[in-house]
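First the structure, in the form of structure tokens, and then the observations on it.
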Number of protein chains: 2
Amino acid sequence: MINRQTYPDHVVEHVCGLLRNGQLQPGDKVRESHLAADLGVSRAPVREAVRHLVGEGLLDYRPQIGSIVAKLSPQQIIDSYVARGLLEGFAIADSGHEFSATAKQELRQLCELMEVSAADGDDEALIDAGARFHRQLYGRTENQQLLGNIERLSNKLHLLFYRHWANFYSPDQIRDRHQQLLKLVFEGEGWAVEQGFRQHYIETGHKVAALYTT
Amino acid sequence: MINRQTYPDHVVEHVCGLLRNGQLQPGDKVRESHLAADLGVSRAPVREAVRHLVGEGLLDYRPQIGSIVAKLSPQQIIDSYVARGLLEGFAIADSGHEFSATAKQELRQLCELMEVSAADGDDEALIDAGARFHRQLYGRTENQQLLGNIERLSNKLHLLFYRHWANFYSPDQIRDRHQQLLKLVFEGEGWAVEQGFRQHYIETGHKVAALYTT
DNA sequence: CAAATGTCGAATGTCGACATTTATGGAGGA
DNA sequence: TCCTCCATAAATGTCGACATTCGACATTTG
């Protein structure tokens, strides 16, 4: 058995699941005892999982009080997307090797898939295609340190906000925006690539943040 | 009491202290029982502290085996410094407000202080001045998300490698390198600032990594 | 003699219980 | 009616103990 699955991992998965299906929403209290009871384990592994999620930025934690699902302010939302644009843009611009023809083809197909999914109103497929699109790009970096940071941030934003960004643009716009990014990437001008992705995420960040200015 | 000091915090401080004074070195095993015994607490808070340090990247962890002080490969060292240059450069270039005259003055004095400390062979003062120099720069960002990432990375590199970088350059070079960075920052060309800091850390990263190619 | 195997000690993984702190809700008084 | 205070309940913080797993050494076998 290569990767031994310990209890804390299960708990983390469980909480992520609750976040995904909306049973846990930003601001909700996360009670260790409840998680422990639900999963039939003691609080020790649950505490580890919770502390892990706190480290990931998915939960906010205050000693003696407990933890709640992270509730980012509009500014924090923007900041997070800015940071992601910075990291992803650099990762892509910095990854040395060329794209194979099949890799380019795949990425272009993902743009089409996004448009089709959006047109069909299949948010899940759209979001999944988007995630794959971006991961195929930033995943090319050989800088594992960078990759880890990107994935942490990506996962956090995905779990907290994935519900929303499907509705910001028309199917056409979604395809065009991502095709434009691809054009920058394939042309290979580092600085332009970085600027492009920064802008891409700044815009998304502002749109998401606008939903939380109540 | 604003910030309640819990046991795990003490343990984290303790481990960081051991890293600072060299009693813990990369690759050393970190035993929960020993830490618990040394600090007179049970293993529960120790485990939390260890998991926290794992999240910070200071410890490597393998289930059922335990954790060791992170032992970065030369490539990982370079990657980490590249990431830091990326984050710090952007944070500085992106921070909007101008420098006050006193702020500029303070930064220039830190350059001088670094030179003097290096000339005196006072590594501790040199390292401290360097840390303050960089923190005064990147700390100007209002992007808390970014700041958190920078400080995590900064702290990690500091604790793992602070012993070395004092010896890479002559006192003159140290002062000149940092004065050059200041010049870029004060002139305010965003892209040049980012490039400058990236280069600064790439060079440092390669020098540190070279020490670990045994 | 080398390699595989069995055994033992030690460290981690998990548990249940207790101590401490916080939040809640009601009783009492202004 | 509203505020204050206190009592109660519930959640977190910590502890000690047990179960399980890993690593190392001694032993056996080819």
Side-chain angles (χ1 to χ4, degrees), chain A residues 1-19 22-72, chain B residues 1-19 22-71 73:
Chain A
M1 198 180 297
I2 306 265
N3 215 348
R4 192 170 197 77
Q5 187 86 329
T6 59
Y7 284 164
D9 295 325
H10 284 291
V11 180
V12 168
E13 295 289 333
H14 179 68
V15 174
C16 288
L18 293 179
L19 286 171
Q23 289 185 44
L24 270 180
Q25 297 205 350
D28 286 358
K29 205 157 191 329
V30 176
R31 273 173 255 264
E32 299 173 359
S33 334
H34 290 190
L35 289 176
D38 291 349
L39 295 175
V41 299
S42 82
R43 278 176 49 220
V46 172
R47 278 179 71 82
E48 284 192 31
V50 168
R51 297 296 279 240
H52 177 76
L53 292 167
V54 169
E56 299 280 303
L58 285 166
L59 304 183
D60 280 343
Y61 172 74
R62 287 168 52 191
Q64 312 285 359
I65 292 177
S67 47
I68 63 175
V69 179
K71 196 175 186 174
L72 275 58
Chain B
M1 197 180 296
I2 304 264
N3 216 349
R4 192 173 197 77
Q5 187 86 330
T6 60
Y7 284 163
D9 295 325
H10 284 290
V11 179
V12 169
E13 295 289 333
H14 179 69
V15 174
C16 288
L18 293 179
L19 286 171
Q23 289 186 42
L24 271 181
Q25 297 204 354
D28 286 358
K29 206 157 190 330
V30 176
R31 273 173 257 265
E32 299 172 359
S33 336
H34 291 190
L35 289 177
D38 291 347
L39 295 175
V41 299
S42 82
R43 276 177 50 220
V46 171
R47 276 178 73 81
E48 285 193 30
V50 168
R51 297 297 278 241
H52 177 76
L53 291 167
V54 169
E56 300 279 302
L58 285 166
L59 304 183
D60 279 344
Y61 171 76
R62 287 169 54 190
Q64 312 285 0
I65 293 177
S67 46
I68 63 174
V69 178
K71 196 174 186 175
S73 70

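A, B, ... follow the sequence lines: proteins, then strands. Residue 1 opens every chain. Every heavy atom of this structure was used, including side-chain atoms; hydrogens, water molecules and symmetry mates were not.
Per the geometry, CD belonging to Glu48(A) stands 14 Å off P belonging to dG13(D), to the nearest Å. When the C1' atom of dT21(C) is taken as reference, atom NZ of Lys29(A) falls 12 Å away, rounded to whole Å. Taking atom CZ on Arg51(A) and atom C1' on dT12(D), their separation rounds to 11 Å, with Å as the unit. The separation between Leu39(A) atom CG and dT14(C) atom C1' is 14 Å, rounded to whole Å. Atom P of nucleotide dT12(C) and atom CG of Leu59(B) are separated by 12 Å, given to the nearest angstrom. dA11(C) atom P lies 12 Å from atom CG of Asp38(B), rounded to whole Å. The distance from atom NE2 of His10(A) to atom C1' of dG13(C) is 13 Å, rounded to the nearest whole Å. Rounded to an integer number of Å, the gap from OH of Tyr7(A) to C1' of dG13(C) is 9 Å.
In this structure, CG in Leu58(A) is found 6.5 Å from CG in Leu19(A), a value given to the nearest 0.5 Å.
Considering only the side chain of Pro45(A), dT14(C) comes nearest among dT14(D), dG13(D), dT14(C). Side-chain atoms of Ala44(B) lie closest to dC15(D) of the nucleotides dG13(C), dC15(D), dT14(C). Checking dT14(C), dA11(C), dT14(D) against the side-chain heavy atoms of Arg31(B) singles out dA11(C) as nearest. Here the side chain of Gln64(B) is nearest to one of dT14(C), dC15(D), dT21(D), namely dT21(D).
Taking the nucleotide of DNA chain C with the nearest heavy atom to each of Ile65(B) and Val41(A), the more 5' of the two is matched to Ile65(B). Judged by closest nucleotide on DNA chain C, Glu32(B) is the one of Glu32(B) and Arg43(A) placed further toward the 5' end.
Within a 6.0 Å radius of NZ in Lys29(A), other residues, nucleotides and ligands contribute more than 12 heavy atoms.
Contact annotation: Tyr61(B) reaches the phosphate of dG13(C) (side-chain N/O to OP1 or OP2, under 4.0 Å). An OP1 or OP2 oxygen of dA10(D) is reached within less than 4.0 angstrom by no side-chain nitrogen or oxygen of His34(A). The side chain of Ser33(B) places no N or O atom within less than 4.0 Å of a non-bridging phosphate oxygen (OP1 or OP2) of dA10(C). Taking side-chain N and O atoms only, Arg47(A) has a distance below 4.0 Å to OP1 or OP2 of dG13(D).
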For this session: Test Leu59(B) against Val30(B) for side-chain contact (heavy atoms from CB on, under 4.5 Å), laying out the working first.
Result: CA-CA 8 Å; Leu59(B) 304 183; Val30(B) 176; 4.0 Å; yes
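Under the side-chain contact (heavy atoms from CB on, under 4.5 Å) test applied with Val69(B), the options Leu18(B), Leu24(B), Asp60(B) reduce to a single match, Leu24(B). Applying the side-chain contact (heavy atoms from CB on, under 4.5 Å) test between Pro8(A) and each of Val12(A), Val11(A), Thr6(A) identifies Thr6(A) as the sole match.
Backbone-only contact: Val30(A) has heavy atoms under 4.0 Å from sugar-phosphate atoms and none from a base.
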